[in-house]
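For reference, the structure discussed in these notes is given below.
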Amino acid sequence: MTDQATKHAKLTIDGVSDPIELPIYSGSVGPDVIDVGKLTSQGYFTYDPGFVSTASCDSEITYIDGDNGVLLHRGYPIEQLAEKSDYLELCYLLLNGELPNSAESADFVDTIKHHTMVNEQLRSFFKGFSPNAHPMAILCGVVGALSAFYHDSTDIDNAEHRKITAHRLIAKMPTLAAMSYKHAQGQPFIYPRNDLGYAENFLHMMFATPCEDYQVSPTIAKAMDRIFLLHADHEQNASTSTVRLAGSTGANPFASIAAGIAALWGPSHGGANEAVLNMLDEIGSVDNIPEYIKKAKDKNDPFRIMGFGHRVYKNYDPRAKVMQQTCHEVLEELGVEDNPVLAMARELERIALEDEYFVEKRLYPNVDFYSGIILKAIGIPVEMFTVIFATGRTPGWIAHWNEMISGPYKIGRPRQLYKGYTKRDYPN
Ligand code: CMC
């Protein structure tokens with residue numbers, strides 16, 4: 001919980017003589033927060049739809065400065081992590097607060113590798129889904145179902161149980177993600193291989209078949225690892241807040257993460273990477289881009305340029321910068337720079353970055369704009385994009401859940417501004 005107040009704010013209400021004094025707390029960096037907790041006892045609620053001005057918790061995991069395009073995990077800038085670290089090391093950092101030494105790193109990687117298989121009985125769950133089920137629908141279901149298998153580690157008050165659960169979730173997520181793809185393809189599930197790296201193993205489970213091995217190119221494996229790394233955590237976004245909210249009831253971690261996956265699915269959040277490619281499909285050709293830019297600017301048209309804009313980043317998305325570079329590396333490696341969909345994406349990016357509407361509203365390409373393009377080039381089907389986001393985001397969700405459960409916390413319970421009927425009698 002927050003420390004001592006550094007300052008106080010005074011709230012004066014019309015017709016009330018004494019102002020209400022509210023404590024102000026300072027974090028290590030970033031805006032101060034006004035503690036409005038005692039307003040309820042004075043007969044008021046705060047009103048902040050979309051939580052645009054609301055800090056819902058204390059956290060030591062991730063810091064974002066949206067105006068300056070800064071993203072820090074446990075203090076380390078995302079650009080440095082993308083260049084010098086890798087996904088599993090970042091998972092360790094998010095979960096434990098510090099980078100691992102070489103022995104801790106080897107131990108962590110080994111632990112994750114030895115939790116990659118899922119219970120054989122879980123395979124039968126997939127049979128219940130139609131072959132054309134969206135893989136996010138499957139993922140919500142099967143991750144929630146993990147709570148039916150691991151009764152040995154769902155005591156949320158036991159730190160060792162929480163640790164095992166974190167390892168299981170990080171290890172099993174790529175396996176479940178690849179299984180949801182194989183189910184749609186009508187192909188047999190491919191078992192994980194513990195001799196491969198995390199991203200390599202995921203690509204193996206996606207693309208190998210019992211008849212044919214899949215040789216993973218180091219550039220593609222590195223790009224996949226980077227996609228996971230760039231999605232690993234992002235402070236109190238909609239899905240992470242959902243995980244915290246579900247977890248605040250005492251729900252088990254598998255159920256809480258399943259709730260986060262559901263929240264991620266929407267096109268305003270993790271579903272945007274899929275929506276980018278669907279939008280490019282709809283636009284059809286570079287010649288139609290001006291018409292769609294016009295639609296995006298029209299207040300009466302719900303169309304938006306997917307992959308542009310961010311609630312917090314109003315300058316640039318630092319993840320998008322790294323992703324843009326990876327995007328070029330992948331396209332070069334695959335020799336697909338002439339692809340018409342990619343040409344459209346480039347043109348859209350060029351026009352939107354120069355257009356007054358986008359510049360004025362500070363709408364820049366976000367991480368999902370480039371990740372969708374990379375994934376498409378790798379040959380990952382569009383429906384899998386958000387599943388990959390969910391896989392990458394798992395350590396962030398679990399780190400936030402763990403942070404909340406380890407300290408004092410309250411059940412999340414927002415209030416409302418009620419505008420419905422006042423009391424009325426049931427007709428006789
Ligand atoms: N295309 C066209 N206009 C836009 C767009 C867009 N992509 N995004 C925002 N605007 C306009 C919006 O119409 C509004 O205009 P006005 O002030 O005239 O009403 C203004 O910009 C502010 O938009 P907002 O919806 O109030 O901003 P927000 O902070 O609530 O929404 C957002 C942020 C990400 C939901 C939104 O920018 C959006 O819908 N973008 C497209 C979807 C997308 O790419 N989402 C992925 C986000 S990054 C991955 C993640 O972290 O989940």
Side-chain angles (χ1 to χ4, degrees), residues 86-89 91 105-106 108-127 129 131-133 135-136 138-139 142-143 167-231 273 277 326-327 329-337 339 342 371-392 394:
D86 62 27
Y87 179 67
L88 280 188
E89 188 178 62
C91 290
S105 175
F108 183 71
V109 170
D110 191 62
T111 303
I112 297 299
K113 281 187 173 174
H114 286 92
H115 277 296
T116 48
M117 280 202 296
V118 293
N119 190 301
E120 280 295 297
Q121 286 179 43
L122 199 76
R123 295 174 150 239
S124 35
F125 276 65
F126 285 81
K127 292 197 186 120
F129 289 99
N132 57 5
M136 280 298 278
I138 300 180
L139 202 68
V142 293
V143 171
H167 294 161
R168 280 184 170 145
L169 272 163
I170 291 168
K172 293 182 199 308
M173 207 64 154
T175 313
L176 295 172
M179 286 170 87
S180 66
Y181 169 67
K182 288 296 195 190
H183 174 72
Q185 296 297 303
Q187 290 182 8
F189 299 137
I190 298 295
Y191 283 102
R193 264 181 50 190
N194 292 354
D195 59 322
L196 299 178
Y198 191 88
E200 252 182 314
N201 183 41
F202 171 65
L203 291 166
H204 153 75
M205 291 187 288
M206 283 282 295
F207 295 122
T209 69
C211 331
E212 209 169 316
D213 209 2
Y214 175 74
Q215 292 304 323
V216 184
S217 125
T219 310
I220 304 300
K222 184 176 153 215
M224 198 68 238
D225 192 84
R226 202 165 255 190
I227 288 176
F228 287 141
L229 178 142
L230 292 174
H231 285 95
N273 50 17
L277 266 291
T326 307
C327 188
E329 283 166 20
V330 168
L331 299 187
E332 200 177 315
E333 156 96 7
L334 296 173
V336 289
E337 284 173 287
N339 183 302
L342 305 175
S371 64
I373 297 168
I374 299 174
L375 293 171
K376 165 93 181 162
I378 294 177
I380 306 243
V382 171
E383 316 80 70
M384 282 298 290
F385 289 7
T386 314
V387 170
I388 287 169
F389 189 155
T391 304
T394 299

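All residue numbers refer to positions in the sequence shown, counting from 1. All figures in this text were calculated on a predicted structure; none of them were measured in a lab.
With sequence neighbours excluded, the residues that form a side-chain hydrogen bond (donor to acceptor under 3.5 Å, both in side chains) with Asn194 are Thr116. In this structure, the side-chain hydrogen bond (donor to acceptor under 3.5 Å, both in side chains) partners of Thr219, at least two apart in sequence or on a different chain, are Glu333.
The two residues Ala171 and Ile112 have their closest heavy-atom pair at CB-O, 3.2 Å. Contact record, Ala178 with Met205: CB-CB, 3.5 Å, taken as the closest heavy-atom pair. Considering every non-hydrogen atom in both Phe129 and Val142, the closest pair reads CE1-CG1, 4.5 Å. Nearest approach of Lys172 to His115, heavy atoms of both residues: NZ-O, 2.7 Å. Annotation for His204 and Val216: closest pair N-CG2, 4.5 Å, computed over non-hydrogen atoms.
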message: Between Val143 and Thr394, does the side-chain contact (heavy atoms from CB on, under 4.5 Å) criterion hold? Intermediate values first, please.
response: CA-CA 11 Å; Val143 171; Thr394 299; over 6 Å; no
- request: Could you please spell out the steps behind the ring-ring contact (aromatic ring centres under 6.0 Å, His included) verdict for His183 and Phe189?
  value: CA-CA 7 Å; His183 174 72; Phe189 299 137; 7.2 Å; no
- prompt: Can you check side-chain contact (heavy atoms from CB on, under 4.5 Å) on Ile380 and Met206, steps first, answer last?
  reply: CA-CA 9 Å; Ile380 306 243; Met206 283 282 295; 4.2 Å; yes
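Note: Phe389 and His231 have tilted aromatic rings, judged against thresholds of 30 and 60 degrees for the angle between ring planes. In this pair, Phe202 and Phe228 present their aromatic rings perpendicular. The plane angle is above 60°, beyond the 30 to 60° band.
Using a 4.5 Å cut-off on side-chain heavy atoms (C-beta onward), Ser180 and Phe126 make contact. Under the 4.5 Å side-chain criterion, counting only non-hydrogen atoms from C-beta, Leu230 is not in contact with Tyr87. Between Ile373 and Lys376 there is no side-chain heavy-atom pair separated by less than 4.5 Å. In this structure the side chain of Leu203 reaches within 4.5 angstrom of the side chain of Met224, judged on heavy atoms. Looking at Pro192 and Met117, their side chains come closer than 4.5 Å, going by heavy atoms from C-beta outward. Looking at heavy atoms from C-beta onward, Val387 lies in side-chain contact with Met384 at the 4.5 angstrom threshold. Contact of the Met179 side chain with the Leu122 side chain is not registered, since no non-hydrogen atoms from C-beta on lie closer than 4.5 Å. At least one side-chain heavy atom of Tyr181 sits less than 4.5 Å from a side-chain heavy atom of Pro381.
The one candidate from Val109, Asp86, Thr391 that meets the side-chain contact (heavy atoms from CB on, under 4.5 Å) condition with Tyr198 is Thr391.
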What pairs of donor and acceptor atoms, side-chain ones from residues 207-214 against any protein atom, are under 3.5 angstrom apart with sequence neighbours left out?
{"from": "Thr209", "atom 1": "OG1", "to": "Cys211", "atom 2": "N", "distance (Å)": "3.2"}
{"from": "Thr209", "atom 1": "OG1", "to": "Glu212", "atom 2": "N", "distance (Å)": "3.0"}

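In this structure, Lys222 NZ and Thr326 OG1 are separated by 7.0 Å, a value rounded to the nearest 0.5 Å. Summarising the geometry, atom CG belonging to Asn201 is positioned 8.0 Å from atom CG belonging to Asp195; distances are rounded to the nearest 0.5 Å. To the nearest 0.5 Å, atom CG of residue Asn273 and atom CG of residue Leu375 are 7.0 Å apart. Atom CD1 of Ile220 sits about 9.0 Å away from atom CD1 of Ile374, to the nearest 0.5 Å. Atoms CG and NZ, on Leu196 and Lys113 in that order, are 7.5 Å from each other to the nearest 0.5 Å. If you take CD1 on Ile170 and SG on Cys91, they are separated by 4.5 Å, rounding to the nearest 0.5 Å.
Salt bridge absent: Arg193 and Glu200 never bring a charged side-chain N and a carboxylate O closer than 4.0 Å.
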